[in-house]
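Bear in mind that the values here come from a model prediction, so they are computed numbers and not experimental data.
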Amino acid sequence: MELNVDEALRYLGAGSGPPESLRCEAEKIAQRLTAALRPRYVYRVFPLAREGDGFLLPGTNVVLTGNSARTMLAQCDRAALLACTLGTKFDTMLRAEQARDMASAVILDACGGAWVEAGCDAAEQELRDKLPGLYLTDRFSPGYGDLPLELQTAICGALDAQRRIGVHVTSSMLINPVKSVTAVIGISDRPQRARIRGCAFCSMNKTCTLRRGGKSCAL
């Protein structure tokens, strides 16, 4: 599992040619972060039951509705739910850095985003290894496209994420600890192409700082 410093730099809006001093600082902070903690994740595979225009995961409160879910899961008969987090230790590190050096804290926050995504990548690869001969869709998360953000609560409940890895959702639909991700991955017996990648499908396409600067996160 490796933290992608280039991805962290994209989160900072640095683009493809960041100053060497910024890259060096990001690399130092990334090394400190990865030495201090590793992402933790949990996932489960569920059958998919079509219900109206959406999909129900039997035995859970998860109902996947909207165009994003229909597009991603059109050829799938199962789906995996995933939660990944850096835990409360990252929150503590970030608060300490904010008190000491706000510029470094901003870089640490970006590195945290890249590190939790590395955890999601590791979970996805583990899932692939456990399902030889099957194919996975891109993972997609509540708040992406038209998948409701409120779905995070049901996903965390289905995964028992608070007990297993300490992830919970607040009454205002914020996920804690701060660097935590929930996601859905479709599973099919047919090869799956990337279907809904790009800014047009992202729930942040109106507020994203990268888009305002003429860039994208390359998803």
Got a second to check how far Arg10's CZ is from Asn4's CG, nearest 0.5 Å?
6.0 Å
Please report the shortest heavy-atom distance between Ala79 and Ile187, naming the atom on each side.
C-CD1, 4.2 Å
In this structure, are over 12 heavy atoms from other groups packed under 6.0 Å from Asn61 atom CG?
no
According to a 4.5 Å side-chain heavy-atom criterion applied to Ile, Leu, Val, Met, Phe, Trp and Tyr, with indirect links allowed, do Leu48 and Phe140 form part of one hydrophobic cluster?
yes
May I ask whether Tyr41 and Ile155 are part of the same hydrophobic cluster, defined by side-chain heavy atoms of I, L, V, M, F, W, Y residues being less than 4.5 angstrom apart, directly or through others?
no
With a 4.5 Å limit on heavy-atom distance, are the side chains of Pro39 and Met1 in contact?
yes
Treating Arg70 as the side-chain partner and Asp53 as the backbone partner, does any N or O pair qualify as donor plus acceptor under 3.5 Å?
yes
Under 4.5 Å between side-chain heavy atoms, hopping through other hydrophobics if needed: is there a path connecting Leu131 to Tyr43?
yes
Are the side chains of Pro177 and Val167 in touch, meaning some heavy atoms are under 4.5 Å apart?
yes
Locate the shortest heavy-atom distance separating Ala26 from Ile107; write the atom from each residue and the value.
CA-CG2, 3.7 Å
Working to the nearest 0.5 angstrom, can you tell me the gap between Leu108 CG and Ile29 CD1?
6.5 Å
Quick check for you: to the nearest 0.5 Å, what is the distance between Leu9 atom CG and Glu25 atom CD?
11.0 Å
Would Ile185 and Asp138 count as a side-chain contact (heavy atoms from CB on, under 4.5 Å) here? Give the steps.
CA-CA 6 Å; Ile185 305 169; Asp138 296 330; over 6 Å; no
So do the side chains of Leu37 and Phe90 get within less than 4.5 Å of each other, counting heavy atoms only?
yes
Chi angles and distances behind the side-chain contact (heavy atoms from CB on, under 4.5 Å) call for Glu124, Leu136
CA-CA 9 Å; Glu124 190 171 324; Leu136 305 185; 3.9 Å; yes
One thing to verify: whether Asp121 and Arg139 come together as a salt bridge, which I'm taking to mean a side-chain N less than 4.0 angstrom from a carboxylate O.
yes
Write out all pairs satisfying salt bridge (Lys or Arg N to Asp or Glu O under 4.0 Å) with one or both partners inside residues 89-115, taking only residues at least two apart or from two chains.
Arg32-Glu97, Glu97-Arg100, Asp109-Lys179
Can you name the closest pair of heavy atoms from Pro58 and Ala49 and give their distance?
CG-CB, 4.1 Å
Does some side-chain heavy atom of Val184 sit less than 4.5 Å from a side-chain heavy atom of Leu82?
no
Got a second to check how far Ile175's CD1 is from Thr170's OG1, nearest 0.5 Å?
9.5 Å
Side-chain touch Met173/Thr153, heavy atoms, less than 4.5 angstrom
yes
Which pair of heavy atoms, one from Cys156 and one from Val169, lies closest together, and at what distance?
SG-CG2, 3.9 Å
Verify, without hydrogens or angle tests, whether Thr85 (side chain) and Ser180 (backbone) share a donor-acceptor contact under 3.5 angstrom.
no
When rounded to the nearest 0.5 Å, the distance separating CG of Asp77 from CZ of Phe46 is 14.5 Å
What distance separates Ser188 OG from Leu134 CG, expressed to the nearest 0.5 Å?
8.0 Å
In the structure I gave you, are the side-chain heavy atoms of Leu174 and Gln152 within less than 4.5 Å of one another anywhere?
no
Leu3 with Leu22, same ILVMFWY side-chain cluster at under 4.5 Å
yes
Quick check: does any side chain N or O of Trp115 sit under 3.5 Å from a backbone N or O of Ala110, one acting as donor and the other as acceptor?
no
Tightest non-hydrogen contact, residues Leu159 and Arg44, listed as CD2-N, 3.6 Å
Under 4.5 Å between side-chain heavy atoms, counting indirect links through other Ile/Leu/Val/Met/Phe/Trp/Tyr residues: same cluster for Leu56 and Met72 or not?
no
Between the side chains of Arg23 and Asp6, is the shortest nitrogen-to-carboxylate-oxygen separation below 4.0 Å, so that they form an ion pair?
yes
Minimum heavy-atom separation for Leu81 and Ala158, please, with both atom names.
CD1-CB, 3.8 Å
Without swapping roles, check the side chain of Gln75 against the backbone of Leu73 for a donor-acceptor pair under 3.5 Å.
no
Return yes when atom CD of Gln125 has more than 12 non-hydrogen atoms of other residues, nucleotides or ligands closer than 6.0 Å, and no otherwise.
yes
